Amino acid sequence: MAQSRIMVIDDEKIVGDMAKMSLEQEGYAVETFLSAEPALKRLEEERFDVVVTDYKMKGIDGMEVLRTVRSRHPGTQVIMITAFANLDAAIEALRRDVHDFFPKPVKIKELKASIKRALEK
Amino acid sequence: MKIEKKLILSNIINGAFIILIGFFAFQNLNLVLTKLRFVQIADDLNASFLEMRILDKNYFLYRDKNALPAIQEKIGNAMNTIQGVQEDIIRAIGKTDLRKLETLLNQYSDIVLEAQAGSPTDTQLEARLRSAGKALREYSASITHLERQRVNSIILESKRILILSFWVILVAALFLGHFISQKIVRSLREIEKLARSISAGNFNRIDGFRSRDELGSVITAINSMSEELSNREEQIIQSKKLASLGILTAGVAHEITNPLNNISMIAQTYEEMYDHLPDRQRRELIGKVDAETERIRKIVKNLLDFSKPKDANPKEADINTVVQKTLTLVQNMIDVQNIETVVRLEEGLPRLFIDEHQVQQVLVNLVTNAVQAMSAGGKLFISSRAGKGGNSVEITVKDTGKGIQPEFLPHIFDPFFSTKGEGGTGLGLSVSYGIIKNHRGDIRVESKPGVGTTFTVELPISKNHKDL
């Protein structure tokens with residue numbers, strides 16, 4: 001079975017770093033981005049199984065990432081994490097077919113479990 | 001002295017003067033009347049004396065036997081008239097003239113009696129009688145003439161005095177009116193100036209205006225009101241600050257979430273991968289935890305600094321630092337509204353002598369307003385630059401929000417004026433205005449409905465604000 005590819009987008013560098021360390025431990029190939037623009041560009045080049053994205057970011061935000069991924073890369077699942085845990089954002093994300101929605105601080109074990117479920121889809 | 005008392009006193013003086021003039025005119029009129037009555041009597045006597053002289057002439061010329069008794073009758077009548085002159089007339093013209101007339105009449109009468117005993121051909125007697133008659137008539141004519149002259153001069157004098165009094169009263173009234181209105185107008189202007197400056201948020205006193213009249217009391221009352229307002233303003237500043245704190249807290253809570261999440265993720269990874277981590281990476285991760293903790297500590301400190309009530313404490317400060325500290329407080333509020341922030345801070349600006357926290361409060365108010373005006377998202381421009389003329393520094397907070405209706409613009413700095421409905425206290429901008437005015441600065445607004453609003457805060461580069 002081919003190695004699953006995970007993309008993490010968050011303007012907080014530590015989020016990407018820690019997720020990378022932890023997820024690589026599980027055998028995933030992980031790429032991290034500090035903003036959405038280069039990440040979306042990268043998605044055009046390479047297929048990723050799961051995109052973990054922050055909601056609130058400068059420039060293109062997580063909701064926009066979700067929208068783009070759902071329309072251009074339907075096989076890729078999106079998990080959204082946010083420091084602004086508000087209901088409206090969560091509902092909108094669900095409507096746009098988000099795989100999962102995590103408020104910060106994120107429990108890495110739950111994130112891993114969620115990624116695992118996403119890969120089984 | 002109170003203005004009311006001054007007015008009453010001046011009215012009393014004017015009134016007394018008018019009564020005095022009236023009394024004087026009345027006295028003169030009475031005197032004239034009395035004198036005229038005397039002139040009438042003197043005229044009658046005069047005519048009677050003339051008749052006597054015609055009769056005595058007839059006696060000597062035509063030997064008219066009836067002439068002398070007729071003269072005697074007329075003398076009797078004239079004597080009665082003279083003695084019957086009333087007391088008030090005697091008082092008015094003096095006794096001397098009447099006594100002299102009486103004496104002359106008696107002399108004439110004596111010669112008439114002699115003539116009755118003598119002959120109409122006695123030329124010596126004729127000459128004496130003619131001479132006495134002439135003296136009598138001339139004297140009575142002279143009295144009449146003199147009294148007429150006196151009456152004339154009394155009337156002329158009265159006229160002069162009345163005209164003079166008219167001018168005196170007119171000038172006094174004009175002067176008094178002018179003086180009082182000047183005093184009232186001047187004080188009202190002072191009061192107006194003070195009221196304007198109070199409504200502009202400057203709680204100054206009117207000094208050097210010491211009068212114990214009503215205006216003095218009004219000014220004392222306004223001064224104490226001004227002081228009271230000044231005290232209240234501090235309370236309002238504090239309560240407004242607590243209100244903005246409510247808005248800020250939500251944003252700050254979000255802002256803390258990010259470093260908190262970082263710490264949490266580091267801790268989870270650290271625990272999970274402990275056995276696989278080389279020492280160097282362990283130390284690195286712990287260092288990151290420390291840095292993230294520091295991030296939280298700064299956010300909390302900022303919030304605490306902002307919330308603490310403080311007396312105005314002006315210090316030298318770099319305005320760009322103040323702007324940046326403010327941004328850390330409001331950044332999350334801005335972010336959640338999908339607003340893009342453009343910050344342009346000019347470097348090398350002169351340091352300002354300001355109360356950092358008060359200015360920060362103004363900026364928080366302005367940014368909060370801008371964010372609330374852009375509920376559908378937009379751009380927020382925050383910039384600093386040297387002011388025109390080089391004596392000040394300008395900070396602008398510009399939004400692309402819904403703008404302010406032109407008819408509201410003149411009122412937006414008024415206390416309790418709000419366009420936000422239930423959401424606004426109407427104090428944010430008035431408190432900001434007061435703070436900037438206390439810094440001898442200026443705060444201006446430009447706005448176009450549908451385009452956006454720009455607030456410009458201008459702070460002077462002078463040191464030593466005595467009244468900060």
Side-chain angles (χ1 to χ4, degrees), chain A residues 8-28 30 32 34-37 52-65 67 79-90 92 101-115, chain B residues 249-278 280-296 299 327-328 330-343 371 375-377 379-380:
Chain A
V8 181
I9 317 169
D10 197 310
D11 51 8
E12 292 281 336
K13 191 171 177 296
I14 290 173
V15 173
D17 290 351
M18 293 306 114
K20 191 176 161 76
M21 278 174 76
S22 209
L23 293 175
E24 279 176 348
Q25 188 76 10
E26 302 291 314
Y28 301 126
V30 183
T32 63
L34 289 171
S35 64
E37 285 90 344
V52 178
T53 179
D54 189 17
Y55 167 54
K56 202 85 217 176
M57 290 180 294
K58 292 239 160 68
I60 299 175
D61 67 5
M63 205 58 77
E64 188 69 23
V65 170
R67 207 174 57 80
I79 295 172
M80 199 173 282
I81 55 177
T82 180
F84 309 95
N86 80 63
L87 192 61
D88 290 346
E92 195 189 341
F101 194 96
F102 287 100
K104 286 181 179 179
V106 177
K107 292 283 168 219
I108 295 179
K109 276 181 187 156
E110 291 175 16
L111 182 65
K112 280 181 183 168
S114 179
I115 290 173
Chain B
T249 311
V252 167
H254 284 309
E255 185 154 14
I256 289 175
T257 308
N258 270 323
L260 204 63
N261 178 61
N262 289 342
I263 293 169
S264 162
M265 284 185 80
I266 292 168
Q268 291 174 64
T269 314
Y270 191 88
E271 190 200 6
E272 186 189 320
M273 302 182 58
Y274 186 81
D275 296 330
H276 313 281
L277 288 174
R280 183 191 51 79
Q281 208 169 2
R282 283 184 192 159
R283 266 199 294 279
E284 199 182 300
L285 287 178
I286 294 300
K288 278 181 182 167
V289 168
D290 194 35
E292 291 300 302
T293 320
E294 180 63 14
R295 225 176 118 187
I296 295 176
I299 295 165
L327 282 173
T328 63
V330 294
Q331 192 61 56
N332 271 282
M333 180 171 64
I334 297 169
D335 288 346
V336 284
Q337 291 273 10
N338 201 19
I339 290 164
E340 191 187 327
T341 324
V342 181
V343 182
V371 168
S375 46
K379 272 189 177 182
L380 175 69

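Just so you know, these numbers use all the heavy atoms, side chains as well, and skip hydrogens, waters and symmetry mates. This structure is a prediction, so every number in the text was calculated from the model and none was measured. Residue numbers start from 1 in every chain, and the chains themselves are labelled A, B, ... in the order their sequence lines are given, proteins ahead of strands.
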*Asks:* Verify the neighbour count for atom NZ of A/Lys112: are there more than 12 heavy atoms of other residues, nucleotides or ligands below 6.0 Å?
*Replies:*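 Counting other residues, nucleotides and ligands, NZ of A/Lys112 exceeds 12 neighbours.
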*Asks:* Between atom CE of A/Met21 and atom CD of B/Glu272, what is the distance when rounded to the nearest 0.5 Å?
*Replies:*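 Rounded to the nearest 0.5 Å, the CE-CD separation comes to 9.0 Å.
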*Asks:* Rounded to the nearest 0.5 Å, what's the gap from NZ on A/Lys56 to OG1 on B/Thr257? Could you check?
*Replies:*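 So the gap between those two atoms works out to 14.0 Å.
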*Asks:* Under a 4.5 Å heavy-atom cut-off, does chain A meet the side chain of B/Glu340, its backbone, both or neither?
*Replies:*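 For B/Glu340, neither part sits under 4.5 Å from chain A.
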*Asks:* In Å, rounded to the nearest 0.5 Å, how long is the span from CG of B/Asn258 to CD of A/Glu12?
*Replies:*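 It is 4.0 Å, given to the nearest 0.5 Å.
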*Asks:* Does any backbone or side-chain atom of A/Asp54 lie under 4.5 Å from a heavy atom of chain B? Answer side chain, backbone, both or neither.
*Replies:*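 For A/Asp54, there is no contact with chain B at all, as no heavy atom is under 4.5 Å.
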*Asks:* Any chance the side chains of B/Gln268 and A/Ser22 put a donor and an acceptor closer than 3.5 Å?
*Replies:*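 Short answer, no.
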*Asks:* Test side chain to side chain contact (heavy atoms under 4.5 Å, CB included) on B/Met265 and A/Val15 and set out the steps.
*Replies:* CA-CA 7 Å; B/Met265 284 185 80; A/Val15 173; 4.0 Å; yes
*Asks:* Is the backbone of A/Val106 close enough, under 3.5 Å, to the side chain of B/Asn261 for a donor and an acceptor to pair up by distance?
*Replies:*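 Judged by distance alone, yes, a pair lies under 3.5 Å.
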*Asks:* Under a 4.5 Å heavy-atom cut-off, does chain A meet the side chain of B/Ile339, its backbone, both or neither?
*Replies:*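 Contact with chain A is absent: no heavy atom of B/Ile339 under 4.5 Å.
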*Asks:* Answer with side chain, backbone, both or neither: which region of B/Glu271 has an atom nearer than 4.5 Å to a non-hydrogen atom of chain A?
*Replies:*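 The answer is neither part of B/Glu271.
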*Asks:* Give, as side chain, backbone, both or neither, the part of B/Thr269 having an atom under 4.5 angstrom from any heavy atom of chain A.
*Replies:*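 B/Thr269 touches chain A through backbone and side-chain heavy atoms alike.
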*Asks:* Name the option with the most non-hydrogen atom pairs under 4.5 Å to chain B; the candidates are A/Pro103, A/Ala83, A/Ala19.
*Replies:*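 Greatest number of close heavy-atom pairs with chain B: A/Ala83.
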*Asks:* So how far is it from A/Ile14 CD1 to B/Leu285 CG, rounded to the nearest 0.5 Å?
*Replies:*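 Rounded to the nearest 0.5 Å, the CD1-CG separation comes out at 9.0 Å.
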*Asks:* Got a second to check how far B/Ser264's OG is from A/Lys107's NZ, nearest 0.5 Å?
*Replies:*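 If we round to the nearest 0.5 Å, B/Ser264:OG and A/Lys107:NZ are 4.5 Å apart.
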*Asks:* Carefully, step by step, assess B/Asn262 and A/Met18 under the rule side chain to side chain contact (heavy atoms under 4.5 Å, CB included).
*Replies:* CA-CA 8 Å; B/Asn262 289 342; A/Met18 293 306 114; over 6 Å; no
